[in-house]
Amino acid sequence: MLKLSYVITLLSGLGLFNSCAANLVNLPNEKMIISYLQTKDSAYGNYLAGRVAHIRQDYNKASYYYAKSIERGLKNKDLLGKTYIILASLGDVDKSVKYANLARQDGDDNTFIDVINAVYEFQKGNYRLSRNLLNKIDEKTYKNLINPLLNAWSYVGENSYDQAIKELDVLSKSEEMFTVYHLHSGLIAEYFKDNQKAETHYQSIIDNNASDISFRALQLISNFMVRNNKKKEALGLINRFYGSSNIKEMLSSLSNKIKESSKKTPSIINTPQSGVSEVFLEIGLLFKTIPAGYDYAQIYMAFSKYFNPDNDVTKIALAGLFEDRLMYNDANSYYDSINRKSEMYYPAQMKKAQNLSSLEKYDEALVVLKKLLKNNPDNFQILFNLGDISRFNNDQISAIEYYNKAIDSIFYEADKYWPVYYALAISYDKNNEWVKAEEKLSKALKLSNRHPHVLNYLGYSWLKTGIKTDLAVEYIVEAYEKSPNDGFVLDSLGWVYYKTGDYKNAINFLERASELDPQNAVISDHLGDAYWQGGRKNEAIFQWKQALKQKDDYNEINVKKVKSKIKTGLVQNDVLTLENEKTSNLLKNIENITH
């Protein structure tokens with residue numbers, strides 16, 4: 001709801017982490033790890049255990065061991081800072097405040113200590129103290145964004161409707177804060193039973209955001225409508241966004257919940273704490289849009305969950321942060337906490353399956369998706385994902401079955417569906433059904449407006465088998481022109497030069513491919529061949545040895561042949577002669593451009 005440009009301006013004045021954030025990535029040396037292994041339950045041993053856990057991004061264990069090291073007498077500003085920040089990022093504010101205050105006594109002047117104390121006091125109902133702690137922070141982000149919102153909800157806690165609305169007035173003057181102002185004004189008016197004023201604010205959001213309104217806002221506004229005898233209007237609001245939305249399952253679930261609800265449906269925001277939870281969620285989501293704001297985002301979202309543990313939107317948002325950091329198990333722990341009846345259950349389970357696949361736990365991922373499929377037998381995305389995971393698990397028969405079912409579920413053939421035809425073609429190819437693969441690749445090529453991945457796959461496949469070689473080269477060159485920094489495309493183009501006997505250019509493009517994808521077995525194997533033919537035999541052997549250690553996603557590496565090359569080298573390459581002069585000129589033009 002908040003605009004990115006607004007937060008970038010505010011971010012310049014934010015001193016949330018000070019020096020502590022930079023310490024989150026320091027690595028211990030080998031001697032420290034050995035010392036840790038030899039040290040039992042001592043202050044320094046616990047500290048080292050915390051550092052190891054910290055590096056492994058196991059923040060629960062890191063905070064536990066850091067706290068133990070402090071209890072055993074190892075106290076300094078750096079350690080205390082790490083401890084209260086990690087605890088805050090986990091939403092464990094009750095413990096975080098303890099170590100934050102110890103740090104303050106030790107001379108830590110980080111303003112974030114005041115934030116932790118303000119959050120803690122707000123939760124306890126000490127609204128004036130919470131407000132005073134925040135208001136003394138002299139930073140733009142707090143003065144212009146956070147404080148007005150938290151102050152307003154603190155006055156709600158003191159049952160002062162007029163003062164709460166007065167605090168929000170400052171936000172009404174900012175165009176960037178339009179939605180935030182009206183949403184929280186509506187929620188506060190609703191809390192004080194001023195339903196007419198609440199409806200006015202909510203309608204302002206609806207009228208101003210015909211095509212851009214958050215799912216959370218839809219939940220909150222439709223909840224108000226239902227409790228005010230406007231179930232029909234609530235359903236109409238949801239239906240307005242259903243047709244063009246990519247979150248149809250969530251909207252469908254929300255729609256069903258509205259149909260089953262009544263005037264007695266409880267309000268989502270029914271305490272000052274649940275109201276301020278929305279504030280921190282909003283701010284957290286905002287900071288998530290900025291790469292430098294991820295640490296801030298996690299802490300604000302953790303505060304949101306601290307104030308309202310039942311907010312599934314916050315859980316989804318926190319899980320997303322952990323996914324971005326490749327912490328898939330932590331993300332899935334949030335997804336597992338979402339109830340089956342929640343509107344967020346479907347996306348949570350879909351993301352959980354994706355994370356399990358990223359961890360190469362394919363069988364577990366399939367179980368999750370098959371459970372979803374029972375209630376959604378014609379769901380395109382579930383079928384598509386089942387196909388993908390089956391393909392990754394090298395079960396091409398099942399992948400082909402799921403991909404075809406996904407295609408059958410499509411009501412009309414649209415450009416956006418080209419990836420399923422492309423994926424199906426790959427499975428057909430892996431299953432040694434090239435005729436069918438070629439047919440689906442042609443379909444994907446048409447629907448995707450000649451996407452470079454499809455061009456490259458077709459071209460490289462023809463080049464490998466020695467058929468349609470001129471057309472293969474044309475396709476690969478076109479793929480390169482569209483995507484000149486794609487490792488797979490550069491590998492194919494390098495291989496074209498290799499096959500045509502131009503080893504200098506082959507090495508040039510294959511080295512670039514290797515830089516972009518240094519762990520790719522096929523690229524290493526190709527580069528080894530090019531080095532050998534280019535007279536760089538030691539480097540060739542090194543690359544072939546690397547190929548045997550690296551990942552071969554397409555099972556293209558012939559291990560026996562590679563081992564033979566390492567022992568005896570390569571025979572002279574059978575140089576490919578292109579029949580069409582136009583095709584040869586395409587390669588020359590690329591050569592001239594790159595040189």
What pair of heavy atoms forms the shortest contact from Ala103 to Tyr84, and how long is it? CB-CE2, 3.6 Å
Minimum heavy-atom separation for Leu286 to Thr289, with atom names? O-OG1, 2.5 Å
Tell me the closest heavy-atom pair linking Gly50 and Ala62, and the distance in Å. O-CB, 3.7 Å
Please assess Ser304 against Thr314 for the test side chain to side chain donor-acceptor pair (under 3.5 Å), listing each intermediate value before the final yes or no. CA-CA 7 Å; Ser304 175; Thr314 298; 3.0 Å; yes
I'd like to know whether the aromatic ring centres of Tyr306 and Phe280 sit less than 6.0 Å apart in this structure. no
Look at Lys75 together with Asp106 and state whether they make a salt bridge at an N to O cut-off of under 4.0 Å. no
Worked verdict on Leu133 versus Tyr120 for side chain to side chain contact (heavy atoms under 4.5 Å, CB included): CA-CA 11 Å; Leu133 284 164; Tyr120 177 73; over 6 Å; no
Centroid separation under 6.0 Å, is that true for the rings of Tyr99 and Tyr66? no
Check Ile338 against Tyr345 and note the closest heavy-atom contact, atom names and distance. O-CD1, 3.7 Å
If you count heavy atoms of other groups shown closer than 6.0 angstrom to OH of Tyr64, is the number above 12? no
If the threshold is 4.0 Å, N to carboxylate O, is there a salt bridge linking Glu278 and Arg216? yes
I'd like to know if Arg131 and Glu158 make a salt bridge, using a cut-off of under 4.0 Å between side-chain N and carboxylate O. yes
Tell me, with the steps shown, if Val119 and Gln123 meet side chain to side chain contact (heavy atoms under 4.5 Å, CB included). CA-CA 6 Å; Val119 168; Gln123 178 73 309; 5.8 Å; no
Between Gly275 and His184 the two heavy atoms that sit nearest each other are O-CE1, 4.0 Å
Are side-chain heavy atoms of Leu281 and Lys305 found at a separation under 4.5 Å? no
Grab the two heavy atoms, one from Phe224 and one from Ala198, that are nearest each other, plus how far apart they are. CE1-CB, 3.9 Å
Using a strict 4.0 Å threshold on nitrogen-to-oxygen distance, state whether Asp94 and Lys124 make a salt bridge. no
Distance flag, aromatic centroids of Tyr65 and Tyr47, threshold under 6.0 Å: no
Salt-bridge contact Asp169-Lys166 (side-chain N to carboxylate O under 4.0 Å): no
Does any non-hydrogen side-chain atom of Tyr346 lie less than 4.5 Å from one of Ser252? no
